[in-house]
Colleague: 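Have a look at the structure that comes next, please.
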Amino acid sequence: DLDTGEVTGGIYTWYDGKSQKTSFSGRVTKYADSFMGGSHDFKVGVQYNSGLGEYTFGPNDYIYTYGSTPAYGYTQLPFTQGGRMKAIGIYADDTYQLGRATLNLGLRYDDSKAYFAEQDLLDASGNPTGQKSPAVDEVFRWRVLSPRLGVTFKMTDSGSSLLKAHYGRYYRGIVTGEFDNTTPSITPRYTFAGTYNSAGVPQDLELFSDTSQLTVDPDLKNPYTDQYILAWEQQAGPDIGFSVNYVHKRSERQTAFPDVGGTYRLVPFTSPAGVNISEVYQLTSGAASRLFQLRNDDRMFSRYNGVAFEVKKRMSNRWQANVGLTLSKS
């Protein structure tokens, strides 16, 4: 109620659904104690996973009123919604020991895709009508290579002082909840007068939103993070050691749903007290021009720097201890 601010009546919406994941992994290892001047621990593996999140939603009508007078409302028929994904990854890894140095070399290939299965179209009671939305075999697909390189170097023959360094590129997996709002089976949402005719049908319907103004860039690229680690470990006695680890992460090609269809201009804006905003973007091309597209956006990124200090006292004389401090900025 717009006069009192009170909310009454039933729930906004109900839903029922499922999330599911199937995975498999296998690996073959081979140890060679003398090859190319050092020892090697080879690993070759494969990982497969598929998943889905599919739901049935039943939005109830809700109406804004001034006292007993309806102002307007929203109505939407029940609908099904859900995305699916499949991914397979193949990797090779070698731990190569050469003198005081131990190298870890790795390369991974991932092929993953997002898609829609057929979805039931529903009637006003949420029951299947027998009709289905079309399947979409490929909403987008990612094929990427991920290199990784690490080195551990013994500063002394005894190994009491170690220097470690690592670089790796890590690609994000597909998240079905990121694109499932474009499922073809989602019903349009309407505003209406907040009143009904004698048959219970909402009056004065006007389209508010539908999936025609939502899309996914078919050239959507896989977001990734580059991670750098530099560490020093020192044995300070027979029972005590300490370490310092520095971590830097750079995440790029993150995603957003910007409006790629509408035209905007900056206009002056008088902000409320305590809010420092002098200009806003005003849509000048009309609501029908808007097209929100899931895409990579240069404005979406992250940076992380962290330093971790740790002191460990191993179990001896009936006690052990582990004390750490991590400083982070992101």
Side-chain angles (χ1 to χ4, degrees), residues 1-21 51-85 114-136 139 174-216 255-259 261-262 283 286-294:
D1 185 80
L2 297 173
D3 279 338
T4 65
E6 293 182 353
V7 178
T8 60
I11 60 173
Y12 163 67
T13 186
W14 57 264
Y15 74 92
D16 183 23
K18 64 180 179 180
S19 58
Q20 178 179 304
K21 182 177 180 179
L52 61 87
E54 294 181 338
Y55 301 90
T56 299
F57 288 92
N60 287 319
D61 292 354
Y62 62 97
I63 301 168
Y64 292 93
T65 62
Y66 290 105
S68 61
T69 304
Y72 65 95
Y74 290 97
T75 185
Q76 186 175 11
L77 290 176
F79 60 90
T80 53
Q81 174 178 337
R84 298 192 177 197
M85 59 80 64
Y115 67 102
F116 291 126
E118 290 182 335
Q119 298 283 347
D120 287 319
L121 301 183
L122 308 178
D123 62 20
S125 299
N127 298 312
T129 63
Q131 296 180 305
K132 294 180 180 292
S133 65
V136 180
V139 180
I174 292 175
V175 179
T176 58
E178 186 177 42
F179 65 91
D180 66 357
N181 59 341
T182 66
T183 309
S185 55
I186 297 177
T187 55
R189 187 181 185 205
Y190 296 91
T191 59
F192 72 110
T195 58
Y196 302 86
N197 63 19
S198 58
V201 177
Q203 295 180 308
D204 300 331
L205 291 175
E206 184 176 338
L207 180 65
F208 180 76
S209 64
D210 62 17
T211 56
S212 67
Q213 290 182 309
L214 293 174
T215 186
V216 177
T255 57
F257 256 107
D259 181 1
L283 180 68
S289 68
R290 294 178 301 179
L291 180 64
F292 297 94
Q293 184 178 69
L294 176 63

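On a predicted model such as this, the values are computed, not experimentally measured, just so you know.
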Colleague: Charged N to carboxylate O under 4.0 angstrom, R290 versus D259?
Modeller: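 No, no charged N to carboxylate O under 4.0 Å.
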Colleague: Nearest 0.5 Å, what's the CZ-CD1 distance between R84 and I174?
Modeller: 14.0 Å
Colleague: Report yes or no: does D123 contribute a side-chain atom to a donor-acceptor pair with the main-chain N or O of S125 at less than 3.5 Å?
Modeller: yes
Colleague: Would a line drawn from the ring center of Y74 to the ring center of F192 be shorter than 6.0 Å?
Modeller: no
Colleague: Are S185 and T80 close enough, and set up right, to give a side-chain hydrogen bond (donor to acceptor under 3.5 Å, both in side chains), and what steps lead you there?
Modeller: CA-CA 6 Å; S185 55; T80 53; 3.2 Å; yes
Colleague: Apply the test side-chain hydrogen bond (donor to acceptor under 3.5 Å, both in side chains) to residues Q81 and D180: give CA-CA distance (whole Å), side-chain angles for both, the deciding distance (0.1 Å), then the verdict.
Modeller: CA-CA 7 Å; Q81 174 178 337; D180 66 357; 3.2 Å; yes
Colleague: Looking at every non-hydrogen atom in both residues, tell me the closest pair between Y62 and Y12 and how far apart they are.
Modeller: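 Looking at all heavy atoms of both residues, the closest pair is CE2-CE1, 3.2 Å.
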Colleague: What do you reckon, is CG of N127 surrounded by more than 12 foreign heavy atoms closer than 6.0 Å?
Modeller: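 Correct, the count exceeds 12.
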Colleague: Minimum heavy-atom separation for T183 and T211, please, with both atom names.
Modeller: O-CG2, 3.7 Å
Colleague: Test T75 against D61 for side-chain hydrogen bond (donor to acceptor under 3.5 Å, both in side chains), laying out the working first.
Modeller: CA-CA 5 Å; T75 185; D61 292 354; 2.6 Å; yes
Colleague: Which residues pass the side-chain contact (heavy atoms from CB on, under 4.5 Å) test with Q76, not counting sequence neighbours?
Modeller: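 Applying side-chain contact (heavy atoms from CB on, under 4.5 Å) to Q76 gives P59, F79, I186, T187, R189.
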Colleague: When you compare the side chains of E54 and Q119, does any donor N or O come within less than 3.5 Å of an acceptor on the partner?
Modeller: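 Indeed, the side chains of E54 and Q119 share at least one donor-acceptor pair under 3.5 Å.
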Colleague: Using every non-hydrogen atom in the two residues, find where T176 and G53 come nearest and quote the distance to one decimal.
Modeller: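 So the two residues come closest at OG1-N, 4.1 Å.
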Colleague: Evaluate the criterion side-chain hydrogen bond (donor to acceptor under 3.5 Å, both in side chains) for residue pair Q293 and T215; output intermediate values, then yes/no.
Modeller: CA-CA 5 Å; Q293 184 178 69; T215 186; 4.6 Å; no
Colleague: Compute the ring centroids of F292 and F257, then answer whether they are less than 6.0 Å apart.
Modeller: no
Colleague: With D1, which of T8, T69, T65 fulfils side chain to side chain donor-acceptor pair (under 3.5 Å)?
Modeller: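 Result: among T8, T69, T65, T65 is the only option passing the side chain to side chain donor-acceptor pair (under 3.5 Å) with D1.
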